[in-house]
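Each remark here refers to the structure printed beneath this line.
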Amino acid sequence: MPHPAKTDQYGLCAIYQPFWHNLPHCNIFGCFTPDILHQLHKGVFKDHLVKWCTQVIGKVEVNACFKAMSSYPGLRHFKKGISFVTQWTGSEHKEIEKIFIGILAGAVCPEVLTFQLHTSKTLTKLKNCLKMFHKNKDVFVKLGIHEHFNIPKLHAILHYVESIHSLGSADGYNSESPEHLHINFAKAAYRASNKCHMM
């Protein structure tokens, strides 16, 4: 069967019969667990929400709000704002997330801010938050900030409740800790190699 033109264009191969299609009791999608670091902190938060909200209120205003924030124990003070941070770490994402809602409050229309606290006892609230977000996400399209919501990391969040029910708290399968091992054992080893014939 010939490959569709789009797959050739992007250097991909179409797979019509994956290895698992005949396996009994196999739900391949159950193998994909939530990844807090890449899907939430770096993905949805940094790559999308921060960019969209910055476009709503402006880069200068966002930086001014972060600069004007008074210091408080347990909260990081971004003295230069956040648009000057070039390499974000997981801990920087978390520090920015702690105060981001406060930075935006009063600066954006109420539809942009929807906030609920997530615990293992509030999975119903998480479902309702996701429904509320998807109901109001068109505000970003109306404001000309984003054209579509065909975003895999955003879609993945829809499966968090099911994953938490079947596998426990999302902290248990977060890739943040293995990420450090990847840096130490893969990246450092590659840098020390001749960078040829790795396999």
* To do: Report, as yes or no, whether the 6.0 Å neighbourhood of atom NZ on K67 holds more than 12 heavy atoms from other residues, nucleotides or ligands.
  =>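 Buried by this count: over 12 neighbours within 6.0 Å.
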
* **Check: P18 main-chain N/O paired with H21 side-chain donor or acceptor under 3.5 Å** => yes

* Asked: When the ring centroid of W52 is compared with that of F100, is the distance short of 6.0 Å?
  -> no

Smallest separation among heavy atoms of [X] and [Y], with atom names:
X: N63; Y: I82; result: OD1-N, 2.9 Å
X: I145; Y: Q55; result: CG2-OE1, 2.9 Å
X: V50; Y: K46; result: CB-O, 3.7 Å
X: K127; Y: V161; result: CE-CG1, 3.6 Å

* To do: Using the side-chain contact (heavy atoms from CB on, under 4.5 Å) rule, take F45 and I96 through it: C-alpha gap first, then chi angles, then the decisive distance, then the call.
  => CA-CA 10 Å; F45 180 71; I96 292 171; 3.6 Å; yes

What's the separation between atom [atom1] in [X] and atom [atom2] in [Y], rounded to the nearest 0.5 Å?
X: K51; Y: K59; atom1: NZ; atom2: NZ; value: 10.5 Å
X: E92; Y: K42; atom1: CD; atom2: NZ; value: 10.5 Å
X: H155; Y: H134; atom1: NE2; atom2: NE2; value: 9.0 Å
X: L143; Y: D138; atom1: CG; atom2: CG; value: 11.0 Å
X: L130; Y: K137; atom1: CG; atom2: NZ; value: 10.5 Å
X: H77; Y: F66; atom1: NE2; atom2: CZ; value: 10.0 Å

* Describe, in one word, how the ring planes of H48 and H146 are oriented to each other, choosing from parallel (under 30°), tilted (30 to 60°) and perpendicular (over 60°). => perpendicular

* Give me the ring orientation class for F149 and F133: parallel if the planes are under 30° apart, tilted from 30 to 60°, perpendicular past 60°. =>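 Judged by the thresholds at 30° and 60°, the geometry between F149 and F133 is perpendicular.
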
* Spell out, yes or no, whether I157 and I151 are grouped together once hydrophobic residues are joined by side-chain heavy atoms under 4.5 Å, including indirect joins. => yes

* To do: Kindly indicate, with the supporting measurements, whether the criterion side-chain contact (heavy atoms from CB on, under 4.5 Å) is fulfilled by F78 and E95.
  => CA-CA 9 Å; F78 292 86; E95 294 297 327; 4.1 Å; yes

